[in-house]
Amino acid sequence: MRFTRALVPTVKEAPADATNVSHVLLTRAGFIRRVGAGIYDFLPLGLRVLRKVERIIREEMDRAGALEVLLPALLPADYFKETGRWDRFGDTLFRLQDRKSGDYHLGPTHEEIITDLARREIRSYRDLPKNLYQIQTKFRDEPRPRGGLLRCREFLMKDAYSFDVSEQAAMKSYETMRDAYIRIFDRMGLRYRMVQADSGAMGGSLSAEFQVLVDSGEDAIVACNACTYAANVEVALVKRLDAPEPAPSPLAKLATPGKKTIEEVTAFLQVAPARMLKSLLYVAAGSVVMVVVRGDHDVNEVLVARAVGVSEVFLATEADVRKATGAEVGFAGPVGFSGRVLVDHAATRVENAVTGANETDAHYTGVTWGRDYQGDVVDLRLAKTGDACPQCASGTLASYRGIEAGHIFVLGTHYSAIMGAEYLDEAQKKKPLVMGCYGIGVSRLVATALEQHHDADGIRWPMSLAPYQVHLVNVGKDQAVQAATEELYSALEARGIEVLWDDRDERPGVKFKDADLIGIPLRVTVGGKSLAQGKIELKARTEADPKKATLIARAEAVEFLERAVREG
RNA sequence: CGGGGCGUAGCGCAGCCUGGUAGCGCACUCGGUUCGGGACCGAGGAGUCGGAGGUUCAAAUCCUCUCGCCCCGACCA
């Protein structure tokens, strides 16, 4: 492609509202333009990257035996009403009505629609297993779209759904997808980690996220430095500690006027935060539960929700706290508390702890688990760097940040049971299809890849995702240079190499700056000086030194570049 | 939904406090010089100042309402 015929509107200044690199660089390099909040145009370069992402995904999904379909984006409300998600999805659903006032919405995900297809078309165990996928635009009215392509209201997603005869067979489908995902993300040249994840409201039993490691990522994950354990902090566990030698002191009540926070109490009583019990009140499905963790630990709300058996919990309001404890906020504690108490395992190991007395301006000291208070002992604390690995003997956990690029689930029969998607087994018995679902954020990946591959000058696309493979630059107006560049351009195109030729009548500096910004992996420069020696210059975008270029004989250039492109 | 902020030329911004008929940089057009890391000189084109209402002789500027957007938090199959 000749630059003068292309649409590559690069700009020097970043949009004022951009807060992350991918948004800034995709905009500056002319890949995307913002149309509305969380809504973007893909310009030619952006679309080419998007297509590369799609192609890799299609190739690997097809290789894994999945079948591509295309489901509608515009959906009658009936299906979501059938599973209750019409209500549960709340404001996230883009709703609309047709001319006859019928309810419709734009699809945020397609479990219902695919399950409907399956219940109509899959009848026998002989039809199974099946894995259907699509690459489709999804719509979610996010409470707060942000980060350019990272969190949009309209975005492109690959979603796949597997159907099997049994839980065991579904596990196999899940593993096949897991392996396909590994190939996909490897091919994209991303550094990522597969982590245990919350199956949450999807009603699934097993799930893993593919987290692309980026410091600015929205998700926090922990991984063991010695074994394979890696998990989203939402569900990460920590090794349970052994009990200390018990040396219980008697329970005593102390006046702690105005000392509400852990910091205030530890300073006032001269005790370490680890000797405190932090008691927080949560509302779960309408009732209040007290959650007790060690003073230096934080509560993991997903674990609390799991322990209670609900999909989410909320921190109680001040009024709720006063009502439940009879004291101001800051003085809650498990001793003598009448409601349900959940205690983190580590908290039960604190002997002679200090905790609120459920009485304004008072705390207890000498609090000991089992003697002074009871409760359900579960794992409730948020894992953090340095915590002991729950899976192996000696490892410790380290924290990372990531962007969720893929998520795979075993769904079980959640949707098939509700919607009556059944097959007939060998014994002519009707059984619900066992499902799995597998998503990849296609448009998000364009931004995610960039978040991981850029420098101060611009983007550094991995070869597999780059909009073009070679960025050809001619410098100077020299007739010989012009002719040589033209010839090289044609030769490269003839070999099927994707080349963007900056044929603009611009100064070299402008061309080089734009080349760095756009981020095509190989830059080839044809200039008067080197051409006089029969050479052209090759510079990889990953090479930091702007002056470091490899000189290649003109005659060997095409083959050399062909090899360089193949090797990525 | 809670807190904060911003809407002025395609982009980034100033002007608003203290009302007086809209400006800067980039980009764009034309002419000239220049040409290996975002050149320079000169001449131009381009804005219902987010919208509605009000105050006033006069509103980008003051007042009221409204819409949109951004940031932090909440939320995020």
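We name chains A, B, ... by the order of the sequence lines, and we start the count at 1 in each one. Because only heavy atoms are used, hydrogens play no part in the values below, and waters and symmetry mates are left out as well, while side chains stay in.
- RNA chain B is contacted by A:V475, A:K477 of residues 469-478 of chain A, taking any non-hydrogen atom closer than 4.0 Å.
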* **Contact pattern, 5' to 3', of nucleotides 37-48 of chain B - B, S or - by protein heavy atom under 4.0 Å** => BBB---------
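- Searching all strands for a Watson-Crick or G-U wobble partner of B:G25 with both distances below 3.5 Å returns B:C11.
- Pair check for B:G45 finds none; no Watson-Crick or G-U wobble contact set falls under 3.5 Å.
- The two atoms that bring A:F210 and A:R178 nearest to each other are CZ-O, 4.0 Å, heavy atoms only.
- Surrounding NZ of A:K81 are more than 12 heavy atoms belonging to other residues, nucleotides or ligands, all under 6.0 Å away.
- When heavy atoms are screened at a 4.0 angstrom cut-off, A:T19 is found touching the sugar-phosphate backbone but no base atom.
- Taking the ring centroids of A:W461 and A:F31, they lie under the 6.0 Å cut-off.
- Taking atom C1' in both B:G25 and B:G20, the straight-line distance is 27 Å, to the nearest Å.
- Per the geometry, CG belonging to A:D502 stands 14 Å off C1' belonging to B:C35, to the nearest Å.
- Regarding A:R88, its CZ atom lies at a distance of 18 Å from the P atom of B:C75, rounded to whole Å.
- Taking the six-membered ring for Trp, A:W501 and A:H471 have ring centres at least 6.0 Å apart.
- Nucleotide B:A59: unpaired (no Watson-Crick or G-U wobble partner with both distances less than 3.5 Å).
- Taking the C1' atom of each, B:G45 and B:G10 are spaced 13 Å apart, rounded to whole Å.
- Pair assignment for B:C65 gives B:G51, based on Watson-Crick or G-U wobble hydrogen-bonding distances that are each under 3.5 Å.
- Atom CD of A:E264 has more than 12 heavy atoms from other residues, nucleotides or ligands within 6.0 Å.
- Nucleotides B:U61 and B:C17 have their P atoms positioned 9 Å apart, rounded to a whole Å.
- Position along RNA chain B of the nearest nucleotide to A:E404 versus A:G527 favours A:G527 as the more 5'-ward residue.
- With hydrogens and angles left out, the side chain of A:E13 and the base of B:G10 share no donor-acceptor pair within 3.5 Å.
- Checked against the 6.0 Å centroid threshold, A:H23 and A:Y40 count as a close aromatic pair.
- The two residues A:A170 and A:V434 have their closest heavy-atom pair at CB-CG1, 3.5 Å.
- Here A:R34 reaches the OP1 or OP2 of B:C70: one of its side-chain N or O atoms lies under 4.0 Å away.
- Put simply, CG on A:D141 is 12 Å from C1' on B:C75, counting in whole angstrom units.
- As a whole-Å value, the separation of A:H23 NE2 from B:C70 P is 9 Å.
- Across all strands shown, A:E112 has no heavy atoms under 4.0 Å from either base or sugar-phosphate atoms.
- Of all heavy-atom pairs spanning A:L132 and A:V69, the tightest one is CD2-CG1, 4.2 Å.
- Across the interface with RNA chain B, nearest-nucleotide mapping of A:G38 and A:L531 shows A:L531 to be the residue nearer the 5′ end.
- Residue contacts shown for A:G36 are absent, as no nucleic acid heavy atom lies under 4.0 Å away.
- Looking at A:L411 and A:Y415, their side chains come closer than 4.5 Å, going by heavy atoms from C-beta outward.
- In this pair, A:F89 and A:F80 present their aromatic rings tilted. The plane angle is within the 30 to 60° band.
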* **Audit row: A:Q134, A:H110, side-chain contact (heavy atoms from CB on, under 4.5 Å) steps and yes/no** => CA-CA 10 Å; A:Q134 64 169 343; A:H110 283 78; 3.4 Å; yes
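- The distance between atom CD of A:E218 and atom C1' of B:C76, rounded to the nearest whole Å, is 8 Å.
- Between the CZ atom of A:F155 and the P atom of B:C76 there is a distance of 15 Å, rounded to whole Å.
- Between A:Y181 and A:F185, the angle of the ring planes goes over 60°, which puts this pair in the perpendicular group of the 30/60° scheme.
- The separation of B:A60 from B:A22, taken at their P atoms, amounts to 9 Å, rounded to a whole angstrom.
- Rounded to an integer number of Å, the gap from CG of A:D17 to P of B:C13 is 9 Å.
- Contact annotation: side chain of A:R151 to base of B:C76, donor-acceptor pair present below 3.5 Å.
- Nucleotide B:C1 forms a pair with B:G73, judged by Watson-Crick or G-U wobble geometry with both contacts under 3.5 Å.
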Under 3.5 Å, which N/O atoms of the protein pair with N/O atoms of nucleotides 1-3 of chain B?
none

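- B:C16 is unpaired under the criterion used here, namely a Watson-Crick or G-U wobble arrangement in which both key atom distances are under 3.5 Å.
- Here B:G38 sits opposite no nucleotide as a Watson-Crick or G-U wobble pair (both hydrogen-bonding atom distances under 3.5 Å).
- Other residues, nucleotides and ligands contribute only 12 or fewer heavy atoms inside 6.0 Å of the CG atom of A:D215.
- With both ends at atom C1', the span from B:C69 to B:C11 equals 16 Å, rounded to whole Å.
- Atom CG in A:D505 sits roughly 15 Å away from atom C1' in B:G36 (whole-Å rounding).
- The shortest non-hydrogen separation linking A:K548 to A:K539 is O-CG, 3.6 Å.
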